[in-house]
Amino acid sequence: MELYDAGGRRKYVSRPERERLIQHVEKLDRTQRTLVMTLIYSGCRLSEALNLRTKHVEIDERRLIFQSLKKRRKGVYRAVPVPKELVYALDLVHGVREAERRGRDENLWSMHRATAWRIVSGAMAEAKIEGPQASPKGLRHGFAVHAVSSSVPLNLVQKWLGHVQLSTTAIYADAMGDEEKAIAEKMWAEPGGEGAG
């Protein structure tokens, strides 16, 4: 797995792109909005999001429980902490607490993977995100880069993404984060604090 394609183009969504997408999803219908927001804030695979059930939304703990679908055996789950706004939106739109109260367990989204992919890539196009990162996988990579850039320990990022090997997760440490940019700015700053220009 690489962070750049054969032409050197970034395969992950950057912070400004993610912020534009978050602003744009407000224009989507409620069900589409929660799907895209789940991908942005959890780093899950598209198929894992589509497999998410009402019982896997833990509102009070503010986490989602994903079945890791790339494992050779079934029944491997991982918990991913998410913002409270996301779990509240999932409850509001998909009736998580109501389903629990009635003893029901349902998929949050009942759509084909191709339909979900079109929704996500369409929202990204509307947010002017173009290139190899303009896909659900670009959101997953962007989540990981953002987590590592935010000083989340690699072993937690590994757990949240469902990677078996830490070496797979370590690739995200190669992305230039805010700290690295700040160090580079100091390196090129002229004496007296003004940047070279």
Side-chain angles (χ1 to χ4, degrees), residues 1-5 8-19 21-22 34-91 96 108 113 116 120 124 129 132-187:
M1 182 186 69
E2 300 290 329
L3 289 178
Y4 299 91
D5 71 4
R9 296 177 304 169
R10 184 173 34 84
K11 290 171 34 177
Y12 60 91
V13 172
S14 67
R15 179 186 304 244
E17 289 169 331
R18 183 177 56 254
E19 290 170 1
L21 182 59
I22 289 169
T34 57
L35 174 64
V36 177
M37 296 306 283
T38 297
L39 294 171
I40 292 170
Y41 288 122
S42 72
C44 70
R45 297 172 180 93
L46 182 59
S47 55
E48 292 171 338
L50 294 175
N51 197 50
L52 195 63
R53 302 184 66 81
T54 52
K55 71 179 179 183
H56 297 141
V57 179
E58 296 186 343
I59 297 168
D60 295 333
E61 290 78 15
R62 297 181 186 158
R63 64 183 178 190
L64 303 177
I65 310 299
F66 293 101
Q67 183 175 8
S68 296
L69 298 176
K70 286 192 85 173
K71 305 293 183 203
R72 290 199 168 112
R73 59 187 172 87
K74 291 189 180 273
V76 177
Y77 292 88
R78 67 183 190 279
V80 180
V82 295
K84 65 183 175 186
E85 294 79 15
L86 176 59
V87 290
Y88 293 162
L90 291 171
D91 181 30
V96 172
L108 297 184
R113 189 177 191 284
V120 175
M124 295 177 92
I129 300 170
Q133 74 276 27
S135 69
K137 187 103 177 188
L139 291 174
R140 179 171 166 80
H141 291 323
F143 170 88
V145 168
H146 180 59
V148 171
S149 297
S150 299
S151 301
V152 175
L154 275 181
N155 65 318
L156 277 182
V157 180
Q158 174 191 13
K159 176 183 169 189
W160 295 345
L161 293 175
H163 289 160
V164 174
Q165 301 292 324
L166 187 60
S167 58
T168 304
T169 312
I171 194 79
Y172 296 110
D174 289 337
M176 182 184 288
D178 293 339
E179 183 177 350
E180 186 176 358
K181 288 177 190 173
I183 291 169
E185 284 180 19
K186 286 180 187 176
M187 181 178 92

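Here the structure is a predicted model, which means the values were calculated and not measured.
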Interatomic distance, Leu161 atom CG to Leu156 atom CG [nearest 0.5 angstrom]: 10.5 Å
Do Val120 and Ser135 touch side chain to side chain, with heavy atoms closer than 4.5 Å? no
Which residues satisfy the ring pair (Phe, Tyr, Trp, His ring centres under 6.0 Å) test with Phe66, sequence neighbours excluded? none
With a 4.5 Å limit on heavy-atom distance, are the side chains of Ile22 and Tyr41 in contact? yes
Aromatic contact between His146 and Tyr12, with the criterion being ring centroids under 6.0 Å apart: yes or no? no
Is there side-chain contact between Cys44 and Val80, with heavy atoms separated by less than 4.5 Å? no
Heavy-atom side-chain contact between Val152 and Val148 under 4.5 Å: no
Rounded to the nearest 0.5 Å, how far does CD1 of Ile171 lie from OH of Tyr4? 10.0 Å
Could you tell me which non-hydrogen atom of Leu90 sits nearest to which non-hydrogen atom of Thr34, and how far apart they are? CD2-CB, 3.8 Å
Quick one: side-chain hydrogen bond (donor to acceptor under 3.5 Å, both in side chains) partners of Arg10, sequence neighbours excluded? Glu17
Would you give the length of the straight line joining atom CZ of Arg15 to atom OG of Ser150, rounded to the nearest 0.5 angstrom? 6.0 Å
Could you tell me whether the side chain of Leu50 reaches within less than 4.5 Å of the side chain of Ser47, counting heavy atoms only? no
Closest contact, heavy atoms only, Ser68 versus Gly162: OG-CA, 4.5 Å
Which residue pairs pass the salt bridge (charged side-chain N to carboxylate O under 4.0 Å, His left out) test with at least one member in residues 40-51, sequence neighbours excluded? Arg45-Glu48, Glu48-Arg78
Tell me if a side-chain donor or acceptor on Arg140 pairs with a main-chain N or O of Gly43 at a distance below 3.5 Å. yes
Could you work out, with side-chain hydrogen bond (donor to acceptor under 3.5 Å, both in side chains) as the rule, every residue matching Arg53, not counting sequence neighbours? Asp105, Asn107
With distance as the sole test, does Lys11 use its side chain to make a donor-acceptor pair with the main-chain N or O of His141 at under 3.5 Å? no
Drop me the distance from Ser42's OG to Leu139's CG, to the nearest 0.5 angstrom. 9.5 Å
Provide the closest heavy-atom pair for Asp91 versus Val96 in the form atom of the first, atom of the second, distance. OD1-N, 3.2 Å
Which atom of Ala134 lies closest to which atom of Ile129, heavy atoms considered: CB-O, 3.4 Å
Hey, could you give me the CE/CG distance between Met37 and Leu86, rounded to the nearest 0.5 Å? 7.0 Å
State which residues pass side-chain hydrogen bond (donor to acceptor under 3.5 Å, both in side chains) with Glu61; sequence neighbours excluded, sorted by chain then number. none
Is the side chain of Gln67 donor-acceptor paired with the backbone N or O of Lys74 at a distance under 3.5 Å, no angle test? no
Positive for side chain to side chain contact (heavy atoms under 4.5 Å, CB included) with Ile40, one of Val13, Leu21, Leu35: Leu21
Nearest-0.5 Å distance that lies between atom OH in Tyr172 and atom OG in Ser149: 12.0 Å
Can you name the nearest heavy-atom pair linking Ala79 to Arg63, along with the distance? CB-CD, 3.9 Å
Please determine whether the number of non-hydrogen atoms from other residues, nucleotides or ligands lying under 6.0 Å from atom NZ of Lys137 exceeds 12. no
Applying ring pair (Phe, Tyr, Trp, His ring centres under 6.0 Å) to Tyr88 and not counting sequence neighbours gives none
Which atom of Val87 lies closest to which atom of Glu58, heavy atoms considered: CG1-O, 4.3 Å
